[in-house]
Amino acid sequence: MAKKQFKAESKRLLEMMINSIYTHKEIFLRELISNASDAMDKLYFKSMQENLGITRENLQIDLAFDKEKRIITVSDNGIGMDKDELENNLGVIAQSGSFKFKQDNTDTDKEEVDVIGQFGVGFYSAFMVAKKVEVLTKKYGEDTAYLWTSEGVDGYTITDAQKDTNGTVITLYIKENADEEDYDEFLQEYKLKSLVKRYSDYIRYPIKMETTHRKPVEGKEGEYEDEKSIETLNSMVPIWKKSKQELTDEQYNQYYKEKFMDYVDPLLHIHSKTEGTATYNALLFIPKKAPFDFYTKEYEKGLQLYSSGVMIMEKCADLLPDYFSFVRGLVDSEDLSLNISREMLQHDRQLKLIAKSLERSIKNELKKLQNNDREKYEEFWKNFGLQIKYGLYSSYGMQKEFLQDLLMFTSSAEKKLTTLEEYVTRMKEGQDAIYFAAGESIAKLDSLPQTEMLKDKGYEILYLTDNVDEFIIRMLVDYDGKEFKSIQSSDADFETEEEKKEKKEKSEQNKDLLAEMKKALEGRCADVRLSSKLRSHPVCLTSDSDVSLEMEKVLGAMPGNEMKPKADRVLEINGDHPIFSKLQFLYDNDKDKLAAYADILYDQALLIEGLDIEDPVAYCNKICDLMIN
Ligand code: ADP
């Protein structure tokens with residue numbers, strides 16, 4: 001029988017895998033066992049659909065080795081393959097054909113791991129330890145069996161063969177030890193046992209192997225003999241079906257890293273079993289770091305969906321709301337039917353109930369973390385807080401009650417993150433609003449003139465530095481009955497009734513002066529007023545409208561040419577500052593100079609707010625004039 005050649009790309013990949021020193025040679029066993037398990041899933045699935053009467057108990061994987069003959073066999077009684085399938089599945093590596101392997105890559109080890117992970121070329125990893133591989137297989141329901149044989153890059157042959165039962169037997173002819181390479185270890189019982197435990201413990205079918213046990217010889221004290229028996233090597237029960245008490249953090253972390261391709265432990269795991277309106281097991285993880293593509297369109301949210309232990313969907317997006325899109329993990333429910341289609345799933349009532357329940361439990365766990373392990377929560381917040389804020393915003397506030405307690409903002413008090421609840425409990429006697437300021441950085445906000453008076457009173461200010469922050473706060477309107485108030489808004493005032501009365505009188509007395517300044521700033525500034533927010537600083541800039549100065553900046557930076565809403569700027573002047581007496585003097589004596597002063601003060605207020613001044617040269621010249629005269 002003529003030998004068939006592997007497809008060209010397959011050949012290169014195979015060469016690379018076989019010939020390089022691969023640090024994880026041992027994964028070949030995991031790959032073969034996973035394939036066997038998949039083949040049995042397929043048969044079980046077929047049986048469910050066609051009522052073939054095959055139960056899980058009928059299915060198993062047999063592992064065997066022969067040290068002398070240097071062979072390992074992995075057998076399953078799964079679906080098997082017909083001739084075409086053998087040809088298509090084992091003749092071409094990385095079916096897509098789009099695979100381009102970088103031949104000149106020097107960092108081979110790393111590349112290989114990636115190749116295997118990405119392209120699912122699991123079967124070929126057998127050639128890392130075997131000089132020859134045979135696949136004897138018979139498809140369920142067919143009469144003919146086939147034998148596929150290959151010694152690696154040369155190609156492969158397929159011949160008719162004899163096999164009584166359906167399924168596949170893979171025989172590996174293990175390489176001889178060479179140089180630094182130890183292949184003998186794979187012909188050891190303990191090694192194979194430990195590999196199964198390590199990589200394939202949750203395979204749901206029993207992986208059986210004949211093992212040796214030492215046992216005392218009856219009647220002969222102190223003497224032992226070897227006894228051989230068939231042992232099931234894997235614990236089979238998937239990790240999520242075990243009880244929490246049985247599992248260590250280490251086991252959860254290991255599982256997460258292996259299944260979800262992360263290099264670091266997760267920040268948190270949530271393992272829940274729920275019965276009632278929705279019955280399911282869920283094992284969820286919150287990664288420590290946001291994946292590199294998390295805040296891009298490429299990122300796909302979703303949880304693995306299992307129906308009674310059989311995976312039916314790799315990424316079920318309907319199980320996670322957008323604000324929790326960072327959660328990884330799986331849900332296993334008996335309430336879902338195995339052969340449910342994607343379209344049907346979307347309308348599945350059970351799935352909706354599960355999603356609702358998961359959402360609550362994720363939130364509760366996050367809240368718990370916030371209360372009990374603040375450092376971890378803050379780490380979480382730094383990575384994923386923005387997602388929660390976007391979620392809150394895009395739900396038009398409908399999720400207010402649900403999500404507001406997860407929010408954190410930096411407070412002026414110690415420049416530390418605080419929750420709204422904590423802020424409210426620290427509010428001072430007489431303080432009736434939650435104060436906030438929005439801007440580019442904590443440092444800039446902290447030096448705003450308006451903060452001084454509030455800080456003196458012991459009031460805290462929330463510093464909002466993400467673009468979306470102020471929009472959220474405005475959507476929330478209030479928290480715990482306390483209104484949010486921007487210190488950059490013209491209607492915020494921090495004075496006592498007494499002080500306000502005084503201010504009103506003073507404004508009345510100086511209304512012509514203020515009107516004169518307003519005239520000088522016509523077209524740039526909506527109004528000039530005496531401020532009720534300032535202590536030692538001369539001026540500040542606020543907004544009269546619902547659009548704040550910061551929102552104007554954020555909206556202005558967004559793409560689109562349509563008319564962007566603008567803030568109605570108000571120049572606020574400190575009536576108790578010496579500059580005010582000077583303005584009064586100029587009003588009486590030199591109106592031109594008053595106009596120049598109005599210009600300068602307005603520009604200063606812009607600079608303080610982090611806004612551009614229209615004409616920096618004119619501004620500097622005016623200052624210079626003052627310096628000379
Ligand atoms: P992957 O498992 O990622 O698809 P592999 O290279 O490991 O890639 O396997 C290629 C294909 O060969 C599988 O998808 C499957 O169709 C078939 N196959 C491999 N092992 C078996 C087996 N034991 N029984 C039936 N089919 C198998």
Side-chain angles (χ1 to χ4, degrees), residues 1-20 22 25 27-39 42 61-66 69-101 103 112 115-116 118-140 142-176 178 183 186:
M1 160 118 200
K3 214 171 233 183
K4 293 197 184 179
Q5 291 295 307
F6 285 109
K7 301 269 160 65
E9 283 172 346
S10 307
K11 211 165 152 176
R12 283 221 300 282
L13 177 58
L14 205 52
E15 230 162 28
M16 178 275 290
M17 274 177 55
I18 301 164
N19 297 329
S20 353
Y22 188 15
K25 289 198 298 284
I27 59 105
F28 76 92
L29 191 62
R30 175 190 75 188
E31 298 301 320
L32 297 182
I33 287 175
S34 296
N35 283 349
S37 168
D38 289 349
K42 284 177 198 161
I61 298 168
D62 289 301
L63 184 61
F65 69 101
D66 186 321
K69 292 187 184 143
R70 297 189 72 78
I71 58 173
I72 297 176
T73 55
V74 182
S75 318
D76 66 68
N77 52 354
I79 190 102
M81 282 176 274
D82 61 22
K83 198 168 179 181
D84 281 351
E85 284 167 338
L86 260 182
E87 190 92 49
N88 292 329
N89 296 337
L90 303 186
V92 189
I93 302 180
Q95 283 280 10
S96 76
S98 64
F99 174 72
K100 291 271 172 287
F101 177 58
Q103 270 180 316
E112 279 166 306
V115 165
I116 290 168
Q118 284 171 27
F119 297 100
V121 291
F123 171 77
Y124 297 92
S125 61
F127 286 104
M128 295 190 301
V129 297
K131 54 185 186 243
K132 179 169 130 185
V133 179
E134 282 175 2
V135 180
L136 175 63
T137 184
K138 185 167 155 189
K139 180 137 181 167
Y140 181 86
E142 303 212 349
D143 299 328
T144 329
Y146 299 95
L147 180 68
W148 181 98
T149 311
S150 172
E151 290 181 16
V153 275
D154 289 356
Y156 59 93
T157 56
I158 298 177
T159 51
D160 289 3
Q162 276 305 312
K163 188 177 187 308
D164 294 338
T165 52
N166 61 285
T168 305
V169 180
I170 306 216
T171 307
L172 310 181
Y173 292 83
I174 302 297
K175 294 178 186 175
E176 309 290 336
Y183 296 103
F186 299 119

Quick one: does any side-chain atom of [X] pair with a main-chain N or O of [Y] as donor and acceptor, under 3.5 Å?
X: Asp76; Y: Gly167; value: no
X: Lys42; Y: Ile79; value: no
X: Thr73; Y: Ile170; value: no
X: Lys131; Y: Tyr173; value: no
X: Ser37; Y: Ile33; value: no

What's the separation between atom [atom1] in [X] and atom [atom2] in [Y], rounded to the nearest 0.5 Å?
X: Lys175; Y: Phe186; atom1: NZ; atom2: CZ; value: 10.5 Å
X: Lys83; Y: Thr159; atom1: NZ; atom2: OG1; value: 9.0 Å
X: Met81; Y: Thr168; atom1: CE; atom2: OG1; value: 4.5 Å
X: Asn166; Y: Glu142; atom1: CG; atom2: CD; value: 11.0 Å

Can you find a side-chain donor-acceptor pair between Glu31 and Tyr124 that sits under 3.5 Å?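 Short answer, no.
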Looking only at heavy atoms, which two atoms of [X] and [Y] are closest? And how far apart?
X: Ala145; Y: Lys163; answer: CB-CB, 3.6 Å
X: Ser125; Y: Phe28; answer: OG-CA, 3.4 Å
X: Leu172; Y: Ala130; answer: CB-CB, 3.9 Å

Do Thr171 and Leu136 make a side-chain contact, defined as non-hydrogen atoms from C-beta onward lying under 4.5 Å apart?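 No, every pair of side-chain atoms sits at 4.5 Å or beyond.
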Parallel, tilted or perpendicular for Trp148 and Phe123, by the 30°/60° rule?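 If you compare the ring of Trp148 with that of Phe123, the planes turn out perpendicular.
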With Lys25 as the cation and Tyr183 as the aromatic partner, state whether NZ or CZ is under 6.0 Å from the six-membered ring centre and within 45° of the axis.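 Because its charged atom sits under 6.0 Å from the ring centre and within 45° of the axis, Lys25 does stack over Tyr183.
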